[in-house]
Participant: 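A single structure is presented below for examination.
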Amino acid sequence: MSKTAATRFPFSIGHVAKVTGVAVSTIRSWENQGLLTSTKSSGGHRSYGEADIERIRRIDRMRRVEGQSLSGIRRFLESEEEASAAPESETAPVAAFNHLGARVRSLRQEAGMSLRELSERTDIASSHLSMFERGVAFLSPARLNAIAEVFGRTLAELLGGTKGRDFPVVRHGQGRIVGSFGPGVTIEQLTVSQRLMDAEVWTIDPERESDGFYAHEGEELIYVLEGSLELALADRDAEVLNPGDGAYFNSRIAHRWRNTGNVPAKVLWINTDSDRLSTMSFEKTDRRLGLGAGLGGGIGEGALSLELPQGARTYRVIETHTEGHPTHILIEPLQGLDADSVAGKSRQFAERYDSLRPMLLHEPRGHSGAFGLVPVASSAADFGAFFISSYGYPGLCGHAIMGYTAALRALGRLSRHPRFTIEVPDGILTVHVGVEGDADAIALEMPPAIVAETGRHARVGGHDLDVAIAMCGDCYALVDADAAGLRLDVSGIDHLLAVGDALRRHLNEALPRRRGAQPAVDAVLFHGAGEGGAVRQFLAIDRQKFDRSPGVAGLACLLALRGAQGAAAPGARLEAVSLFGGHLAGELITTTHGAGGAVAVTTRITGRAHLKAVATLIQEVGDPLGSGFLR
């Protein structure tokens, strides 16, 4: 039975599909099978609330991870609802703190996490967590915040989003009352998880406190209505706020609070959610682009915004580089990428947004070798992303994953994820942050690199080349530059590109084709001896395009070649240096010999990525070259 329009929730089915990674058609199918219900307007349009989003994520995990049938999932959810059924009130519904334990237990079980694992990740004793989940103990805000971060939630979302009507006015006493911090603290949620700001009124009894410092994403505004509240930030002395006093600060700064007075403190508490901001699109009411504070003596002194021409479009990006090669990370929300897999989302982007690819990556904003990444939701991994380049849609790119990792770390998304998974078009990979005693090092567990052929000889451009063929995402021809008498330095780049392009064309005529009319060999990796046992690498993609880094997949293929030749065993390490000074380190993990002489090798490649810029790209309607061009 559908909810009535009176209780209509704000999220469209397209938005729900985007944030959950579950296709629109699948959501409709689950609704037809009685697994969930939506709010329907008089015109038949579906809408959903935060609870519906959580339910969809839970159903997807039970189906995909636990392998349960849809009928079994429906019976389980129905029995759970019957057990917890209680009369609901339209005004001021109450969520007692002992109900929160059951919610945390559900999130933990959905994540396949034991009490011990949750204890290790939050520094809360397993025995206390067990009592909390059973509803016989409560946790402080600081500890609840630690649990919320483990499951990728804000503290407000963990407490439960508001369930009121999507209406701008909230009458006195009409917010959802939450007592989830135990006796002495109650919260009236005016609006949570429906907009950018979470607005609440807290009532805090004397002597109640946060139980230490905690931090989270977003920004925070506190305004004392009654009583007093002591607030301390990690970098400042504690301050006592009295009625009419307020505080505004970045929520990433560790903070604590307590009521040191003799009467209850009533506080208006507002939090923003930067993670939610990245999934929202906002209609521009004017054509001015904010520039921030107008400081300095340049032409922009005092100017806080830039007036854009009529019809101009803007796109936000985070720019990084990995050992020299750039990645442009598109963070502008895009509608319609609702396929079940990241590979499917990449295809949808190619169908609907391919015009953005040259606009973002080609000149005058980029160059022929520029590379891009589009973050998307994944139902199979912690994060999802696909890749765009001046020449198409690669299925795997190691340097871009490292660049995305640097951006995620800067955004605070990896504070409790030193190890995470990411779904890309070619599969699911594991990434480690802060390895081998280096807090900035990023290690990527690569998919198997397959050596298809060794010992091939070719004469190209007056050079006798020793060539091996290996695949790791793309197909690479590996060339011993020393044996061919080729110079691996910056002054020889044009010659290397010419030889590489000629070799690639030669091999694509001689080798069987892997992908229909597509070339068999995608790029040529030139390698030679470097200093201290390292190798120098240069990856030539075509006559004009080359990798500025040593090449993540290229190093995996070179390690695989050494494993196939018996020159490296599991545990062997190899340092690679680019012509520009970028460094990568590779470790051979396993070697498997298959039929026909093929050898598959798994590797772990470690490097560093750095932030370059956060930019807003502008596309004017009248710019004849605004869509990009390549020389």
Participant: Would the distance check show the side chain of S210 and the main-chain N or O of W257 forming a donor-acceptor pair, the cut-off being under 3.5 Å?
Facilitator: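 Yes; judged by distance alone, with no hydrogens or angles, the pair exists.
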Participant: Backbone N or O of V22 within a donor-acceptor pair of the R57 side chain at under 3.5 Å?
Facilitator: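 Such a contact is absent between R57 side chain and V22 backbone.
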Participant: In Å and rounded to the nearest 0.5 Å, what is the CG to NZ distance from N259 to K266?
Facilitator: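 So the CG of N259 and the NZ of K266 are separated by 13.0 Å.
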Participant: Can a side-chain donor-acceptor contact be found between S251 and E219 if the only test is distance below 3.5 angstrom?
Facilitator: no
Participant: Before you tell me yes or no, could you show the steps for V16 and I27 under side chain to side chain contact (heavy atoms under 4.5 Å, CB included), namely the whole-Å CA-CA distance, both residues' side-chain angles and the distance that decides it to 0.1 Å?
Facilitator: CA-CA 9 Å; V16 171; I27 295 174; 3.9 Å; yes
Participant: Apply the test side chain to side chain contact (heavy atoms under 4.5 Å, CB included) to residues Y353 and V374: give CA-CA distance (whole Å), side-chain angles for both, the deciding distance (0.1 Å), then the verdict.
Facilitator: CA-CA 11 Å; Y353 298 104; V374 182; over 6 Å; no
Participant: Are the side chain of H432 and the backbone N or O of V435 linked by a donor-acceptor pair below 3.5 Å?
Facilitator: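 Here the side-chain-to-backbone pair does not exist.
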Participant: Is the side chain of R608 donor-acceptor paired with the backbone N or O of T322 at a distance under 3.5 Å, no angle test?
Facilitator: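 A pair under 3.5 Å: no.
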Participant: For the residue pair E200 and N271, confirm or rule out a side-chain donor-acceptor distance under 3.5 Å.
Facilitator: no
Participant: Tell me if a side-chain donor or acceptor on D382 pairs with a main-chain N or O of F420 at a distance below 3.5 Å.
Facilitator: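 No; zero donor-acceptor contacts below 3.5 Å.
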Participant: Got a donor-acceptor contact below 3.5 angstrom from the T122 side chain to the L118 backbone?
Facilitator: yes
Participant: Would K345 and D340 pass as an ion pair if we require N to O under 4.0 Å?
Facilitator: no
Participant: Please check if any side-chain donor atom of E423 sits under 3.5 Å from a side-chain acceptor atom of S378, or the reverse.
Facilitator: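 Yes, because at least one side-chain N or O of E423 sits under 3.5 Å from a partner of the opposite role on S378.
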Participant: Nearest 0.5 Å please: distance from the CZ atom of R208 over to the OG1 atom of T203.
Facilitator: 13.0 Å
Participant: Compare all side-chain heavy atoms of V376 with those of V342 and state whether any distance is below 4.5 angstrom.
Facilitator: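 Yes, their side chains come closer than 4.5 Å.
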Participant: Decide, yes or no, whether a salt bridge links R121 with E117 under the criterion of side-chain N to carboxylate O below 4.0 Å.
Facilitator: no
Participant: Any chance you could measure R313, atom CZ, to Q619, atom CD, to the nearest 0.5 Å?
Facilitator: 6.5 Å
Participant: Contact between V614 and E319 at the side-chain level, heavy atoms closer than 4.5 Å - yes or no?
Facilitator: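 In short, these two side chains do not touch, never coming nearer than 4.5 Å.
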Participant: What pair of heavy atoms forms the shortest contact from P425 to A385, and how long is it?
Facilitator: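 Closest heavy-atom pair between P425 and A385: CD-O, 3.6 Å.
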Participant: When rounded to the nearest 0.5 angstrom, what is the spacing between CG in D237 and CG in L233?
Facilitator: 10.5 Å
Participant: More than 12 foreign heavy atoms under 6.0 Å from CD of E120: is that the case here?
Facilitator: yes
Participant: Can you find a pair of side-chain heavy atoms, one from E332 and one from V317, that are under 4.5 Å apart?
Facilitator: no
Participant: Quick one: are L330 and L360 in side-chain contact, heavy atoms under 4.5 Å?
Facilitator: yes
Participant: Apply side chain to side chain contact (heavy atoms under 4.5 Å, CB included) to I147 and L129, showing your working.
Facilitator: CA-CA 10 Å; I147 290 176; L129 283 172; 3.9 Å; yes
Participant: Are I124 and S119 packed together at the side-chain level, in the sense that at least one heavy-atom pair is separated by less than 4.5 angstrom?
Facilitator: no
Participant: Is the shortest heavy-atom distance from the side chain of V431 to the side chain of T421 under 4.5 Å?
Facilitator: no
Participant: Among side-chain atoms of W202 and E188, is any donor-acceptor pair under 3.5 angstrom?
Facilitator: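 No, no side-chain donor-acceptor pair sits under 3.5 Å.
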Participant: Would you find a donor on one side and an acceptor on the other, under 3.5 Å apart, between the side chain of S549 and the backbone of E323?
Facilitator: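 No.
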Participant: What distance do I222 atom CD1 and L268 atom CG have between them, rounded to the nearest 0.5 Å?
Facilitator: 10.0 Å
Participant: Assess whether side chain to side chain contact (heavy atoms under 4.5 Å, CB included) is satisfied between I401 and L429, documenting all intermediate values.
Facilitator: CA-CA 10 Å; I401 294 175; L429 307 178; 3.5 Å; yes
Participant: Between H328 and F371, does the ring centroid distance fall short of 6.0 Å?
Facilitator: no
Participant: A side-chain contact here means heavy atoms from C-beta on lying under 4.5 Å apart; do R316 and T616 qualify?
Facilitator: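 Side-chain contact under 4.5 Å: yes.
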Participant: Would you indicate whether the side-chain heavy atoms of W269 and L229 approach each other to under 4.5 Å?
Facilitator: yes
Participant: I need the single residue from T320, I422, V433 that forms a side-chain contact (heavy atoms from CB on, under 4.5 Å) with T405. Which is it?
Facilitator: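 Of all the options given, the one that passes is V433.
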Participant: Run the salt-bridge test on R108 and E133 with the 4.0 Å N-O cut-off and return the result as yes or no.
Facilitator: yes
Participant: Could you measure the distance from the OH atom of Y404 to the NE2 atom of H399? Nearest 0.5 Å is fine.
Facilitator: 15.0 Å
